[in-house]
Amino acid sequence: QVQLVESGGGLVQAGGSLRLSCAVSGRTFSSYAMGWFRQAPGKEREFVAAISWSGGMTYSADSVKGRFTISRDNAKNTVYLQMNSLKPEDTAVYYCASDRRAVHHGAEFLSWTVAEYDYWGQGTQVTVSS
């Protein structure tokens with residue numbers, strides 16, 4: 001079965017950095033776009049960043065643009081989220097997800113809505129103290 005396992009969360013002071021990792025198994029990782037989402041208490045899950053199957057296309061939410069960077073290593077079946085200049089409002093559970101659509105004829109695409117992803121990790125907590 002498809003499994004996504006996040007790691008790298010924790011407690012950090014404002015202005016600090018964390019790097020999240022998401023290891024994927026049970027699916028041809030290099031055939032799928034990947035995304036990161038987050039959910040704070042009492043709020044809906046929101047898009048953070050996405051990356052196409054090859055890594056050639058990325059897209060980030062305005063709230064994290066310039067601070068967070070998504071990347072992937074297809075040889076390691078892993079997607080990363082480098083988070084710099086963290087703010088207290090970044091506090092949330094962070095989830096990685098795999099796009100439901102496999103690559104077709106090498107076309108680059110990515111998605112930023114929850115409905116476009118069919119497999120999700122269990123989440124990792126990120127807490128930013130002020």
Side-chain angles (χ1 to χ4, degrees):
Q1 71 277 22
V2 180
Q3 286 190 315
L4 286 72
V5 180
E6 300 101 335
S7 60
L11 173 64
V12 64
Q13 287 189 332
S17 298
L18 283 174
R19 188 196 196 200
L20 305 184
S21 300
C22 172
V24 180
S25 60
R27 168 175 272 192
T28 306
F29 177 75
S30 59
S31 294
Y32 294 86
M34 296 292 297
W36 284 96
F37 291 76
R38 67 187 181 186
Q39 188 165 18
K43 295 189 176 182
E44 291 188 354
R45 192 166 298 190
E46 66 172 1
F47 169 76
V48 176
I51 188 166
S52 63
W53 66 274
S54 72
M57 179 186 295
T58 62
Y59 180 68
S60 301
D62 287 344
S63 59
V64 306
K65 204 160 289 184
R67 300 188 298 123
F68 291 11
T69 302
I70 189 171
S71 62
R72 66 189 296 158
D73 185 337
N74 285 347
K76 295 182 178 180
N77 290 355
T78 302
V79 62
Y80 305 96
L81 185 68
Q82 177 67 45
M83 305 186 295
N84 298 329
S85 302
L86 282 160
K87 305 175 181 179
E89 51 264 44
D90 294 318
T91 295
V93 177
Y94 283 70
Y95 299 89
C96 68
S98 180
D99 199 297
R100 65 177 65 252
R101 301 166 296 167
V103 62
H104 185 64
H105 294 311
E108 298 280 1
F109 62 86
L110 48 77
S111 306
W112 53 86
T113 60
V114 170
E116 293 298 330
Y117 292 85
D118 57 353
Y119 288 100
W120 295 79
Q122 81 288 351
T124 185
Q125 176 71 46
V126 171
T127 303
V128 184
S129 62
S130 57

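- Across A14 and P88, no two heavy atoms sit closer than the pair CB-CD, 4.1 Å.
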query = Can you list the steps and then say if M83 with V12 is a side chain to side chain contact (heavy atoms under 4.5 Å, CB included)?
reply = CA-CA 11 Å; M83 305 186 295; V12 64; over 6 Å; no
request  = Begin from the C-alpha positions of S71 and Q82 and carry the test side-chain hydrogen bond (donor to acceptor under 3.5 Å, both in side chains) through to its verdict.
outcome  = CA-CA 8 Å; S71 62; Q82 177 67 45; over 6 Å; no
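- Side chain of T91 to backbone of V128: a donor-acceptor contact under 3.5 angstrom is found.
- Of the possible donor and acceptor atoms, one in the side chain of R100 sits under 3.5 Å from a partner among the backbone N and O of A115.
- Between the OG atom in S130 and the CD atom in E89 there is a gap of 10.0 Å [rounded to 0.5 Å].
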task = I would like to know whether K65 and D62 meet salt bridge (Lys or Arg N to Asp or Glu O under 4.0 Å); could you show each step before the answer?
result = CA-CA 5 Å; K65 204 160 289 184; D62 287 344; 3.3 Å; yes
query = Hey, mind stepping through F37 and W120 against ring pair (Phe, Tyr, Trp, His ring centres under 6.0 Å) and telling me if it holds?
reply = CA-CA 10 Å; F37 291 76; W120 295 79; 5.0 Å; yes
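- A donor-acceptor contact shorter than 3.5 Å is absent between the side chain of Y80 and the backbone of D73.
- Y59 pairs by the ring-ring contact (aromatic ring centres under 6.0 Å, His included) definition with F47, W112, not counting sequence neighbours.
- Shown here for Y95 and Q122, the closest heavy-atom pair between the two residues is CE2-O, 3.6 Å.
- Of the inter-residue distances, the one linking T58 atom OG1 with L110 atom CG reads 7.5 Å to the nearest 0.5 angstrom.
- Going from atom SG of C96 over to atom CD1 of I70 covers 9.5 Å, rounded to the nearest 0.5 Å.
- What you find for N74 and W53 is that their closest heavy atoms are ND2-O, 3.1 Å.
- Taking each heavy atom of L18 and V126 in turn, the nearest pair found is CD1-CG1, 3.9 Å.
- To the nearest 0.5 angstrom, S52 atom OG is 3.5 Å from E108 atom CD.
- Counting heavy atoms from C-beta outward, S63 and R38 have side chains that approach closer than 4.5 Å.
- Scanning both residues, M34 and C22, for their nearest heavy atoms gives CE-SG, 4.5 Å.
- Under the 3.5 Å distance criterion, the side-chain polar atoms of R101 are left unmatched by any main-chain donor or acceptor of A33.
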inquiry  = Run W36 and V79 through side chain to side chain contact (heavy atoms under 4.5 Å, CB included) and show every step you take.
reply    = CA-CA 9 Å; W36 284 96; V79 62; 3.8 Å; yes
inquiry  = Working note: V24 + Y32, criterion side chain to side chain contact (heavy atoms under 4.5 Å, CB included); need CA distance, chi angles, decisive distance, verdict.
reply    = CA-CA 11 Å; V24 180; Y32 294 86; over 6 Å; no
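- Across every non-hydrogen atom of T113 and Y117, the tightest pair is O-CD1, 3.3 Å.
- The hydrophobic cluster containing I51 does not contain V5, counting ILVMFWY residues as joined when their side-chain heavy atoms lie under 4.5 angstrom apart, directly or transitively.
- With E6 contributing its side chain and G123 its backbone, the two residues share a donor-acceptor pair below 3.5 Å.
- For K76, the NZ atom counts as loosely surrounded, since its 6.0 Å shell holds 12 or fewer non-hydrogen atoms of other residues, nucleotides or ligands.
- Residues satisfying the salt bridge (Lys or Arg N to Asp or Glu O under 4.0 Å) test with D118, not counting sequence neighbours, are R27.
- Although no hydrogens or angles enter the test, the distance criterion places no donor-acceptor pair under 3.5 Å between the side chain of N77 and the main chain of G26.
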